[in-house]
Each structure stands twice: as C-alpha cells, then as structure tokens.
Enquirer: 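Attaching a single structure in structure tokens format; questions to follow.
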Amino acid sequence: MAVPAAVELVDLALKATTAYDRPDLGGRLLQTRRRLVDPDVRVLIVGEFKQGKSQLVNALVNAPVCPVDDDIATAVPTVVKHAETTTAALVRESGEDRPPERMEVPAARLSEYVSEAGNPGNKAMLSYAEVGLPRKLLAGGLVLVDTPGVGGLGSAHGAATMSALPSADAVLLVSDAAQEYTGPELEFLEAAMKLCPNVACVLTKTDLYPHWRRIMELDRGHLGNAGINAEMFPVSSMLRLHAAKTQDAALMDESGFRQLVDFLLNKVVAQSDDLDRRSTSHDVLSVSEQLSAGMKAELEVQQDPERMESLVGQLTRAKAHADELKQRSSRWQITLNDGVADLQSDIDYDLRDRLRTITREAEQLIDDADPAEIWEQFAEWFHQQVSSAASANFVWAAERARWLAGQVAEHFAAGADIAMPELRFDDEGMAGKVNPLVQPEVEKFNTGQKLLTGLRGGYSGVLMFGMLGALMGLPIFAGAPAGIALGIKTVRDESKRQLLKRRSDAKQAVRRHIDEVTFQVGKDSRDMLRRSQRQLRDHFSAIAEEMSTSLAASVMAAQNAVKTTSSERERRIRDLKAELERIDGLATRARALVKNVSAPAKASVRARTGSGTSS
C-alpha cells in the first residue's frame with residue numbers, strides 16, 4: 001500500500017522541519033500524518049425501507065451484524081469496520097466540547113439497540129453503533145455504514161443521510177428487483193452525485209424476482225434520462241451467504257458480489273489511497289519549497305554578492321504581499337466574509353421559499369378534504385415534502401460553499417498552486433431534532449352526539465313553531481315537521497363547524513411544524529457555513545503565516561550572506577548545496593508518490609481533513 005510510504009515520507013519531512021527550526025510547517029504535516037494513519041474509507045449503504053440494505057452488509061462481511069426481519073427496520077446507523085476480534089459498541093455523541101460516550105455490548109445483542117423493534121424511534125438517542133470484524137474485505141480501511149430505513153429516503157432519516165453524503169467516500173443506493181426506480185430514489189441519486197465522489201446502484205433480491213433483468217434495463221433507462229452516470233450491480237445476498245457457507249465458487253459468481261467487491265476495493269478504496277498520495281505529495285512539496293527558500297536566497301547572494309540588493313528588494317516585496325494576505329482587509333478575507341454573509345441570506349431565503357410552497361399545498365389539501373380521514377396519508381406526504389426541501393436546501397448550500405471556497409482560493413493564490421481544504425459538512429441533520437407532525441385532537445361527534453344535537457335543535461323548532469301554530473288555532477304538534485327540519489340543520493351545522501375547526505387545527509399544526517423546521521434547519525445551515533468559514537480562514541491564514549515567515553528568513557539570510565569572508569563563502573556554498581540536495585531528495589520522493597496514481601490528477605490537490613464515523 002502507498003500509505004506506509006506516505007507516512008514514512010511525512011515523518012522524514014517532520015524531522016526536516018525540526019532540524020531547520022520551522023515548527024509552523026510541522027503543524028500541517030502532523031494533520032497530514034493523522035489522516036494517513038486513520039485510513040477509513042466510508043461507504044454509505046442507503047435506500048428505501050425494506051430494500052435489503054442490512055442483508056447486503058451482512059453478505060459483504062459474511063456475518064449477521066445487522067438485524068434482518070420482515071417486521072424489523074434499522075433505527076440506528078450501524079458502522080462496520082475492521083478489528084482483530086469481533087466487537088460491538090454503542091456511541092452517543094454529546095456535542096463538540098465533549099467526547100462521545102461509548103458502551104460496549106455483546107455483538108449477539110446488537111439488534112436490541114439498533115432495530116426499530118428493540119429501540120423504536122431511537123428512543124435511546126444513540127448516534128450510531130460500531131461493529132468490528134476480522135474480515136479481509138475491511139482490512140484495507142473499508143468501512144460500511146448501514147443507514148436507517150425507517151420512513152425511507154423522504155423521511156427525516158433520509159435528510160440526515162443526505163447531510164452525511166459529503167463526508168462519505170462512496171454511496172451505494174440499494175433497491176430491490178421488485179420494481180423500477182421511484183421518484184425519491186432518482187432525486188436522491190441526483191443529489192448524491194453532486195456531493196459524493198463515488199455513487200453506485202445495487203439491485204438486490206435477484207433470486208426472488210425472475211424478471212430482474214427487465215427491471216435493471218428500466219432502471220438504467222431512468223438513470224440515462226436523468227443524466228445520472230452510475231454503475232449498477234445486480235446481486236443476491238442470500239446466494240452470496242449460501243455460497244460462502246458451502247464454498248461454491250459457481251454460486252458466488254451467480255450472486256453478483258464479485259463485481260461489487262471489485263468496485264469497492266479497486267475503485268473506492270484505491271481512489272481514496274490515490275487522493276491520500278496526491279495530498280501528501282502536495283503537502284511535502286510545499287514544505288520543501290518553504291524550507292529551501294531561505295537557503296536558495298542565501299546561496300544566490302553567496303555566489304553573486306552584487307545581486308544582494310535586487311534580490312532583497314524582490315523578497316521584501318513578496319513578504320509585504322504575504323503580510324497583506326494576513327490582514328482582514330485582504331481581498332480573500334473580504335471575499336470570504338461577504339460570500340458567507342450572502343450565502344447565509346440566499347440559503348435562508350431558499351429554505352423559506354421551499355417551505356412556504358409546501359405550506360400552501362398542504363393547506364389546499366386540507367381544504368379539499370376532512371383532515372381526520374386523510375391524516376395518515378397527508379402526514380406521510382407532508383414529511384416527504386419537508387425532508388425533500390431540507391435535503392435540496394442542504395445540497396445547494398454545500399455546492400455554493402464549495403464554489404465560495406474556490407473563489408477564496410483563487411483570490412488568495414493569484415495563480416499560484418495553493419492547496420484548498422476539502423470542506424466537509426458532517427452533521428446529523430434534522431433527524432432527532434424536529435418532532436414529527438402532531439395530529440390535532442379531533443372532537444368526537446358520534447351517532448349519540450348527533451342524535452342529542454338533533455333533539456336539541458328539533459325541540460327548539462317544535463316549541464317555536466308549535467307556539468306559533470297554537471296562536472293560529474293549530475295543535476302544538478303541528479310544528480313537528482319544522483322541528484325535524486331544524487334538528488337536521490342543527491346537526492349539519494355542527495358537523496360543518498367541527499370540520500372547519502379540524503381544518504383550522506390541522507393548518508395550525510402544519511404552520512407550527514414548518515416554523516420548527518425553518519428554525520432548526522436554518523440554524524444547521526448557518527452553523528455549517530460558519531464552520532466552513534472558519535476552515536477556510538484558518539487554512540489560508542496559516543499558509544500566509546508560513547509564507548511570511550519563510551520570506552522573512554530569506555531576506556535575513558540574503559542580508560547576512562554578504563558579511564561572510566571569502567574563505568567562509570566557499571565553505572558556506574558547499575554547505576548550502578548539500579542542504580538543498582537533501583531537501584530536493586525529499587521533494588523527489590514526494591513527486592514519486594504520485595507517478596503511478598490511477599485516477600486522473602485534479603486541478604488543485606485538496607488537503608483532506610479527517611472524517612469521523614458518525615452518520
């Protein structure tokens with residue numbers, strides 16, 4: 001693997017920063033090293049309810065780690081990674097200031113905590129469960145994340161899954177062969193393609209549906225019409241598990257898992273490794289350039305003392321420019337601050353506009369029917385619409401934030417090759433934060449109550465019209481027909497009043513829920529943008545500080561060079577050439593890391609930050 005070579009190179013570069021007294025450069029390399037020694041490659045397994053996600057994970061690792069049953073759905077994300085022995089733990093994250101709480105549990109009892117049957121609605125408030133397995137498939141850093149299927153892609157869990165996409169290295173959309181892709185699945189794929197570098201489709205349960213090839217053909221047609229370029233893998237988890245048990249190679253081929261495993265290992269894991277190599281190479285090359293800058297300036301003056309004034313002038317101007325980059329009034333700082341302010345306003349407006357449209361549609365549906373009769377279907381539709389709006393808003397915010405990062409980097413670098421941090425939007429989304437839509441209490445109006453209301457209205461009618469008839473010489477019972485008519489009208493009026501009240505209460509419930517979603521999702525978006533702003537500010541400020549320090553050292557070295565005697569000058573030139581040769585050797589090893597990278601090199605190498613395991 002390339003990672004050990006990269007770690008060795010980073011360690012060598014760290015020794016160089018210590019030897020040349022540049023601890024400021026060591027900070028960046030320490031971050032690079034932490035990323036390399038934590039080589040997790042996260043693959044999210046997503047999909048609608050009961051599509052075979054958990055069974056797919058079990059088949060990949062050949063172990064019953066995720067609960068599977070007709071009446072059980074995954075309620076808590078399950079992270080499956082490599083370990084020397086089988087382990088299971090429950091993790092509850094408390095916040096940024098406190099470390100997550102971990103509780104070890106027997107692996108055989110994991111379903112009691114992660115399934116909808118054992119932990120309905122995740123009442124235990126778990127962030128995720130973590131399972132360690134001694135499997136060769138996972139040994140290279142592959143981490144599988146089984147996401148909750150409760151409510152499907154249009155639920156709050158789906159919105160939470162969407163917010164986890166930018167921190168994932170790959171996404172597998174799981175859909176069984178019973179039917180072709182649905183609208184929510186295609187919408188999810190479109191969003192995933194914008195947020196994640198690797199997206200693939202898995203068609204499960206091919207052993208149960210003989211017509212799966214026709215379904216796959218239809219699905220590929222839908223993907224082509226939507227402009228989605230994603231590989232598709234038809235698989236049978238049951239055949240894979242049986243083949244592993246019986247060691248049947250032919251059955252293993254028939255299960256379709258060989259192609260899926262090949263995709264995970266040779267594309268996802270390999271691409272992550274290539275990105276690590278490019279990132280490490282860029283960081284070490286940058287450090288090498290900073291370390292050699294002062295030596296090159298001194299060597300140039302030592303070899304030609306007459307060039308000292310012009311060289312010092314050039315270096316002084318370059319240092320002044322680097323110092324300007326550290327000022328709050330610099331162009332990139334202004335671009336960042338103004339861009340984040342504009343982005344916050346645009347994202348807030350976009351979210352409110354989407355939710356206002358949903359509110360109008362919801363109120364129209366309520367006006368067209370009796371909320372008590374359609375509430376279950378209405379609530380499901382409403383949650384799907386709200387979650388879809390929140391997810392679309394998040395995708396747009398992430399795209400705009402990355403665009404802003406590119407603008408900031410362009411204004412900072414002014415054409416130079418400057419590393420740009422990969423913005424990561426790890427967030428738990430609104431799942432668990434926004435309570436579900438609550439059905440208003442329905443005023444009872446059963447047959448007995450209708451009869452009583454009719455009797456009250458009828459009695460008033462009989463009494464009123466009976467007395468009027470008595471004045472005309474008619475018997476009091478002559479007002480009975482009028483009393484019956486009035487009683488029926490009273491029942492109808494009461495039914496109408498209660499219907500209007502149910503509609504009004506339902507609209508109030510919708511507005512309260514929309515207000516809560518607007519408040520919470522809006523806060524999440526603002527927090528995400530503030531984190532992105534801090535990431536960019538800290539990253540480029542550190543680079544500006546490094547540049548300023550290096551240039552200051554170069555100026556001092558050039559000025560001191562003219563003070564040496566002739567005999568000292570020749571010895572110093574030899575020493576400088578030897579030191580530069582060592583640094584050039586470091587740079588040569590950094591370039592060698594990316595000579596055989598399989599994936600195409602990107603325009604600017606991104607210095608990735610480490611990703612956690614929460615989903």
Side-chain angles (χ1 to χ4, degrees), residues 13 16-17 19-29 281-336 407-420 539-588 590-591 603-605 607:
T17 60
Y20 296 116
D21 195 24
R22 288 300 303 274
D24 56 317
L25 298 176
R28 187 199 307 185
L29 292 174
S281 175
H282 189 283
D283 288 345
V284 174
L285 282 172
S286 177
V287 169
S288 299
E289 290 173 5
Q290 302 257 25
L291 291 175
S292 63
M295 297 181 192
K296 288 179 179 178
E298 183 182 355
L299 179 61
E300 192 170 345
V301 173
Q302 294 284 9
Q303 291 176 330
D304 187 3
E306 294 182 359
R307 292 204 62 238
M308 191 271 287
E309 289 188 9
S310 62
L311 180 61
V312 168
Q314 293 174 9
L315 293 173
T316 302
R317 288 190 294 272
K319 183 181 181 302
H321 176 68
D323 289 339
E324 288 177 6
L325 291 175
K326 297 190 294 181
Q327 303 300 318
R328 298 179 68 89
S329 58
S330 62
R331 187 183 179 192
W332 74 271
Q333 293 264 28
I334 295 173
T335 300
L336 176 59
Q407 293 295 109
V408 173
E410 182 179 336
H411 291 169
F412 179 93
D417 183 18
I418 299 294
M420 187 177 75
H539 178 77
F540 290 115
S541 295
I543 292 178
E545 185 66 37
E546 292 171 3
M547 292 168 56
S548 178
T549 302
S550 297
L551 290 167
S554 298
V555 171
M556 185 175 296
Q559 290 173 337
N560 292 335
V562 297
K563 300 177 183 178
T564 58
T565 63
S566 298
S567 60
E568 292 175 337
R569 181 171 293 122
E570 299 214 1
R571 180 175 55 82
R572 184 57 180 161
I573 289 175
R574 287 196 303 270
D575 292 343
L576 287 171
K577 286 183 176 179
E579 295 295 340
L580 286 172
E581 188 175 345
R582 293 190 185 95
I583 296 176
D584 286 343
L586 188 67
T588 300
R591 295 186 189 96
S604 62
V605 179

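FYI, side chains are in, hydrogens and waters are out, and symmetry mates aren't considered; it's all heavy atoms of this structure.
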Enquirer: As an exercise, state the distance from CG of L299 to CZ of R572, rounded to the nearest 0.5 Å.
Expert: 9.5 Å
Enquirer: Please answer whether the main-chain N or O of A590 pairs with a side-chain N or O of S281 as donor and acceptor at a distance below 3.5 Å.
Expert: yes
Enquirer: Any side-chain heavy atom of R22 within less than 4.5 Å of one from S550?
Expert: yes
Enquirer: Supply the atom-to-atom distance K577 NZ to D584 CG, rounded to the nearest 0.5 angstrom.
Expert: 12.5 Å
Enquirer: Nearest 0.5 Å, what's the OH-CG distance between Y20 and L25?
Expert: 12.5 Å
Enquirer: So how far is it from K296 NZ to E289 CD, rounded to the nearest 0.5 Å?
Expert: 7.0 Å
Enquirer: Using the side chain to side chain donor-acceptor pair (under 3.5 Å) criterion, which residues pair with Q333? Sequence neighbours excluded.
Expert: none
Enquirer: Say you draw a straight line from OG1 of T549 to NZ of K319; how long is it, rounded to the nearest 0.5 Å?
Expert: 8.0 Å
Enquirer: Listed by chain and number, what are the side chain to side chain donor-acceptor pair (under 3.5 Å) partners of S548, not counting sequence neighbours?
Expert: D323
Enquirer: Taking side chain as C-beta onward, heavy atoms only, is Q290 less than 4.5 Å from D24?
Expert: no
Enquirer: S330: what forms a side chain to side chain donor-acceptor pair (under 3.5 Å) with it, not counting sequence neighbours?
Expert: W332
Enquirer: What are the two closest non-hydrogen atoms of A297 and S554, and how far apart are they?
Expert: CB-O, 3.9 Å
Enquirer: Kindly write out the residues that satisfy salt bridge (charged side-chain N to carboxylate O under 4.0 Å, His left out) with R582, not counting sequence neighbours, or none if the list is empty.
Expert: E579
Enquirer: Quick one: list whatever passes side-chain contact (heavy atoms from CB on, under 4.5 Å) with I334, sequence neighbours left out.
Expert: D338
Enquirer: If you compare all heavy atoms of L29 against all heavy atoms of A13, which two are closest, and at what distance to 0.1 Å?
Expert: CD1-CB, 3.6 Å
Enquirer: What do the steps show when you test I583 against M295 for side-chain contact (heavy atoms from CB on, under 4.5 Å), and what is the final call?
Expert: CA-CA 10 Å; I583 296 176; M295 297 181 192; 3.8 Å; yes
Enquirer: For the pair L336 and F540, evaluate side-chain contact (heavy atoms from CB on, under 4.5 Å) and give the outcome as yes or no after the intermediate values.
Expert: CA-CA 11 Å; L336 176 59; F540 290 115; over 6 Å; no
Enquirer: Sub-3.5 Å donor-acceptor pair from the side chain of S286 to the main-chain atoms of H282, do we have one?
Expert: no
Enquirer: If you round to the nearest 0.5 Å, how far is CG of L580 from OG of S288?
Expert: 11.0 Å
Enquirer: Applying side chain to side chain donor-acceptor pair (under 3.5 Å), name anything that partners R591, two or more places apart in sequence or on another chain.
Expert: none
